[in-house]
Amino acid sequence: MKATAKAHTNIALIKYWGKRDESLILPMNNSLSLTLDAFYTETTVTFNHDLDEDIFYLDNELIVGDQYTKVSNFLELIRNFADIPNLFAEIRSTNAVPTAAGFASSASGFAALAAAATRALDLQIDEPTLSRLTRQGSGSACRSIYGGFVEWEKGAEDDGSDSYAVHIAPQDHWDVRVAAVVLSSDMKKVSSREGMKRTVETSPFYSGWVDNIPTDLTQIKAAIHARDFEKMGEIAEANCQKMHATTLGANPPFTYWHDTTLTVMQTVQSLRAKGIAAYFTIDAGPNVKVLYQPENEEVVQQTLLNIPGVTNVILSRSGQGITYK
Ligand code: 2P0
């Protein structure tokens, strides 16, 4: 009745942006990500007949409120799946995902929780089923079941049965690196959940975003298989800008970018003008992630650290999928 699992976070190269079903967390478009080794969550779930509710500790702190409710609601889903009503659990998580790095710890968090909970119950489920369950905690988390390059297939069914992630290429397929550029920004942000909802409902640019995804996906998968770094980077960087363009058309309009965000974007482009292949991508926040190749690690790191307003640069490699202890 007890198990421990570790899951890494992931960075989307083709973004998940918009839901067709809010409660089942079904996306409007396929997305594609790289799992990262530097950022992860480790979670132990212990089911116990003596408990009359779930208990959740994050980094040894008892969690109450919204964060607890999300976790407990997710365990309720697992209880329903396993047909074990009223069997509650103690959940202990540790996060190696610095919130300041602008990575959603929800991706590694829900992937580790789903894996530990299903293992603790000794449920014999395959990876697509685990991914499908994880998706209902947080969309991007369903991609963290696997290492390396991963695609989340949006599916077509209303019940979400065909919406889960699949493996594109393993962790050791290609040594692509990612620098997480941390900015000294404490800007209030629109949550990704609220941001994508507003964009779907109000942005006239949203249909263009959805229409463009199949082309981006076909091209980036070919680039990944061919290990064509420039091609992969160009598509990822353009896809990120298309996602962010939709937010400017929303009502009310919003952007996740800060002045330093733009400076980092321009610096990455000027690195390329000097012959150093580096490409940026940005999620629902001001921080920037930079894709680069191992031979350029030092120049990329130093250049990014020299930008005024950048407080830290955290380097990562391709990471592995779920592991159990
Ligand atoms: C992504 N993002 O593909 C995109 C790019 C943000 C921008 O997935 O509502 O925390 O829990 O499904 O997964 C962030 O959204 O949202 C996200 P929910 P999630 O990584």
Side-chain angles (χ1 to χ4, degrees), residues 7-36 39 41 66-67 69-71 73-74 77 95 97 99 101-114 131-146 149-155 160 163-165 168 178 180 189-201 203 206 209-210 213 216-217 220 235-247 250 254-257 261 280-289 291 316 319:
H8 291 80
T9 192
N10 66 78
I11 178 73
L13 306 181
I14 304 296
K15 305 295 187 190
Y16 149 47
W17 195 241
K19 295 183 181 70
R20 62 186 164 90
D21 186 310
E22 301 273 328
S23 66
L24 286 173
I25 309 197
L26 297 176
M28 289 284 210
N29 64 277
N30 286 28
S31 53
L32 187 146
S33 59
L34 175 63
T35 302
L36 299 177
F39 309 98
T41 302
D66 288 353
Q67 220 180 343
T69 306
K70 269 183 103 174
V71 164
N73 286 348
F74 183 73
L77 195 118
N95 250 348
V97 186
T99 32
F103 280 106
S105 54
S106 64
S108 54
F110 279 103
L113 177 61
S131 176
R132 201 161 39 222
L133 283 169
T134 304
R135 185 200 79 226
Q136 294 172 73
S138 185
S140 53
C142 80
R143 300 185 305 234
S144 279
I145 300 304
Y146 303 100
F149 292 92
V150 181
E151 181 174 2
W152 174 10
E153 294 182 342
K154 64 186 165 81
S163 184
Y164 52 84
I168 297 297
V178 177
K189 66 171 192 174
V190 182
S191 75
S192 52
R193 211 164 264 201
E194 158 60 19
M196 63 174 90
K197 184 173 190 301
R198 191 190 302 172
T199 306
V200 172
E201 287 171 357
S203 179
Y206 189 73
W209 160 257
V210 172
I213 292 288
D216 280 2
L217 269 172
I220 205 164
I235 298 162
E237 190 174 290
N239 182 269
C240 150
Q241 292 183 89
K242 283 180 271 195
M243 176 202 124
H244 286 270
T246 67
T247 71
F254 64 103
T255 182
Y256 290 109
W257 297 354
T261 310
F280 63 77
T281 187
I282 305 159
D283 287 327
N287 295 318
V288 184
K289 285 88 188 180
L291 301 161
S316 186

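All ligand and atom numbering here is 1-based and tracks the order in the structure.
Atoms of ligand 1 lying under 4.0 Å from any heavy atom of Ile25, numbered from 1 in the order shown and given with element: 12 (O). Close approach of ligand 1 to Lys19 is summarised as follows: ligand atoms under 4.0 Å from at least one heavy atom of the residue are 9 (O), 12 (O), 18 (P). Each of the following atoms of ligand 1 lies closer than 4.0 Å to a heavy atom of Ala12: 1 (C), 3 (O), 20 (O). In summary, the atoms of ligand 1 found under 4.0 Å from a heavy atom of Lys15, numbered by their order in the structure, are 3 (O), 5 (C).
Between the Asn95 side chain and the Thr41 main chain, no donor and acceptor come within less than 3.5 Å of each other. Remark: the backbone N or O of Phe280 is paired with a side-chain donor or acceptor of Glu237 at under 3.5 angstrom.
Annotation: Ser140 places an N or O atom under 3.5 Å from an N or O atom of ligand 1; distance criterion only. Residue Arg193 has at least one N or O atom closer than 3.5 Å to an N or O atom of ligand 1. Checking only distances, Lys70 never comes within under 3.5 Å of ligand 1, N or O to N or O. In terms of polar-atom proximity, Ser138 is counted as a contact of ligand 1, with an N or O under 3.5 Å from an N or O of the ligand.
The part of Ser106 lying near ligand 1 is the side chain, judged by heavy-atom distances below 4.0 Å. Contacts between Arg143 and ligand 1 below 4.0 angstrom, taking non-hydrogen atoms only, involve the side chain exclusively.
At least one side-chain heavy atom of Phe254 sits less than 4.5 Å from a side-chain heavy atom of Thr199. Between Thr246 and Val200 there is no side-chain heavy-atom pair separated by less than 4.5 Å. His8 has its side chain out of reach of Leu36: every pair of non-hydrogen atoms, C-beta onward, lies at least 4.5 Å apart.
Between Gly139, Ser192, Ser31, it is Ser192 that holds the heavy atom closest to atom 14 (C) of ligand 1. The closest heavy-atom contact to atom 4 (C) of ligand 1, among the options Tyr16, Tyr256, Trp152, comes from Tyr16.
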>> Working note: Phe149 + Leu13, criterion side-chain contact (heavy atoms from CB on, under 4.5 Å); need CA distance, chi angles, decisive distance, verdict.
In response: CA-CA 9 Å; Phe149 292 92; Leu13 306 181; 3.9 Å; yes

> Checking side-chain contact (heavy atoms from CB on, under 4.5 Å) for the pair Thr35/Val150: CA distance, chi angles, key distance, verdict?
Replying inline: CA-CA 8 Å; Thr35 302; Val150 181; 4.1 Å; yes

> Taking it one step at a time, do Lys15 and Thr281 satisfy side-chain hydrogen bond (donor to acceptor under 3.5 Å, both in side chains)?
Replying inline: CA-CA 9 Å; Lys15 305 295 187 190; Thr281 187; 2.7 Å; yes

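Ligand 1 has Met196 within reach: a non-hydrogen atom of the residue lies less than 4.0 Å from it.
No side-chain N or O of Trp17 forms a donor-acceptor pair with one of Ser192 less than 3.5 Å apart.
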